[in-house]
Amino acid sequence: MEREHNLIPGDKLWKRFLYRIIYRSDTKLGKLFDITLLSLILVSTFIIMMESVPKLDKKYHVYFIISEWVISVFFTAEYWARISVLKNKKHYVFSFFGVIDFLSLVPFYLSFFFPVTKYFLIFRMLRMLRVFRVFNLLDFMNDGSVIVRALRNSSRKIYIFLLFLIIFSVIVGSLMFMVEGGRPGFETIPQSIYWAVVTVTTVGYGDVSPITPMGKFFAVILMLAGYSIIAVPTGIVTAEMRNKRQNLELICERCGNEDIDDDARYCKQCGKKLA
């Protein structure tokens, strides 16, 4: 995701003035704009949630509509203002926040022409993601790249683990089908597999439970195995993150290469001796 401080304001004075208010928070007007934006995001989210309550929607439907109109008009003006003050407009329009802003506005206006689109008004909830902009949290999301890289590097191990878990659940579900003898909740193998998955993941809805002594015995084994099974992917990702953090500490000062082996003494790209 491209940071918004990479966006370039227009050459005109008024564009630079509005740019500083909209995209920066180092002025009183900029802070006031961010506070107003945050307040409207919270109010809009609250209205969307209250609209889903039939009693409240019936009683305050008109107020909800008027409030949403006012908020949507403000966000529309803000969206066009963000585009108009920029020199590199496409960078914002096709950026992460640009797409979010667009998706959160379009369903509201489409609902006036196509009534079916009212079901897509839930996209307005995407406005909550704009809190990241208000608090400038996007700059800190680089830390999340460590987790993403760890998941990517350990994906093969996780796939193998999930395959084992699927096979394990199928086998246990089939056993429970035979042991329970078609009792309620275990009439078919797919239903028994559903129970096995719910049990091994320690979710335990309680809608299905074995009755026979042998079935209860298998259930105990599966419950105890569930605790150890859940720890496996966590351990895989944690180990990969630890290795990645150790590797990130080794960075070539000359070329910035981060792909350095733990026992390396020289950079594999430029040959500089590592500290």
Side-chain angles (χ1 to χ4, degrees), residues 1-49 51 64-149 151-152 256 258:
M1 288 182 286
E2 185 178 1
R3 296 182 180 87
E4 290 191 332
H5 58 243
N6 290 329
L7 300 175
I8 303 173
D11 297 327
K12 295 183 179 180
L13 184 61
W14 67 269
K15 290 185 177 182
R16 292 183 176 274
F17 176 75
L18 287 180
Y19 174 86
R20 190 171 182 181
I21 295 175
I22 296 175
Y23 288 98
R24 296 287 184 265
S25 302
D26 56 350
T27 62
K28 291 184 178 180
L29 288 177
K31 293 178 180 178
L32 178 61
F33 179 83
D34 285 345
I35 293 174
T36 303
L37 186 63
L38 177 61
S39 300
L40 290 177
I41 291 172
L42 296 178
V43 171
S44 175
T45 304
F46 177 78
I47 290 175
I48 295 171
M49 291 190 293
E51 284 179 348
F64 289 157
I65 294 297
I66 295 175
S67 300
E68 188 57 35
W69 255 99
V70 174
I71 293 173
S72 296
V73 169
F74 175 86
F75 282 134
T76 302
E78 182 229 356
Y79 178 73
W80 287 111
R82 287 184 180 274
I83 296 176
S84 62
V85 300
L86 295 177
K87 180 181 293 185
N88 50 346
K89 294 178 172 54
K90 291 183 179 180
H91 286 201
Y92 167 74
V93 173
F94 296 103
S95 67
F96 173 76
F97 283 124
V99 173
I100 292 298
D101 293 345
F102 180 77
L103 290 178
S104 62
L105 286 173
V106 169
F108 176 78
Y109 292 104
L110 286 180
S111 63
F112 294 103
F113 304 99
F114 308 99
V116 179
T117 57
K118 67 179 182 180
Y119 298 106
F120 295 97
L121 290 181
I122 193 63
F123 280 102
R124 286 181 290 167
M125 294 291 285
L126 292 174
R127 291 172 183 168
M128 290 193 67
L129 294 176
R130 305 179 70 184
V131 173
F132 283 90
R133 171 193 287 148
V134 177
F135 290 113
N136 294 323
L137 297 179
L138 193 60
D139 290 339
F140 299 96
M141 291 184 69
N142 277 342
D143 295 337
S145 62
V146 177
I147 300 177
V148 174
R149 286 197 297 268
L151 289 172
R152 187 186 301 116
E258 298 180 356

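Quick note: residue numbers are just sequence positions, from 1.
I83 contributes atom CD1, which lies 10.0 Å from atom CD of E78 (distance to the nearest 0.5 angstrom). To the nearest 0.5 angstrom, T76 atom OG1 is 11.5 Å from I71 atom CD1.
The nearest pair of heavy atoms linking K15 to S84 is CE-O, 3.3 Å. In terms of heavy atoms, S72 sits closest to L105 at O-CD2, 3.8 Å. For Y79 against G98, the heavy-atom pair with the smallest separation is CE1-O, 3.9 Å. For the pair D34 and R24, the tightest heavy-atom approach, listed with the atom from each and the gap, is OD2-O, 4.3 Å. The minimum heavy-atom distance linking R82 with D101 is given by the pair CD-OD2, 4.3 Å.
Checked by atom type and distance alone, the side chain of K89 pairs as donor or acceptor with a backbone atom of L86 at under 3.5 Å. In terms of modelled atom types and a separation under 3.5 Å, the side chain of Y23 and the main chain of I8 share no donor-acceptor contact. Between the side chain of S44 and the backbone N or O of L40, no donor-acceptor pair lies under 3.5 Å.
Contact check for V93 versus F102: no side-chain heavy atoms found under the 4.5 Å cut-off. At a threshold of 4.5 Å between non-hydrogen side-chain atoms, the residues F17 and L29 count as touching. At least one side-chain heavy atom of R16 sits under 4.5 Å from a side-chain heavy atom of D11.
Within a 6.0 Å radius of CZ in F74, more than 12 heavy atoms belonging to other residues, nucleotides or ligands are found. Counting heavy atoms of neighbouring residues, nucleotides and ligands inside a 6.0 Å radius, atom CH2 of W80 does not exceed 12 of them.
With sequence neighbours left out, K90 forms a side-chain contact (heavy atoms from CB on, under 4.5 Å) with F94.
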Inset, instruction - Given side-chain contact (heavy atoms from CB on, under 4.5 Å), test L37 with F75 step by step and report yes or no. - result: CA-CA 9 Å; L37 186 63; F75 282 134; 3.3 Å; yes
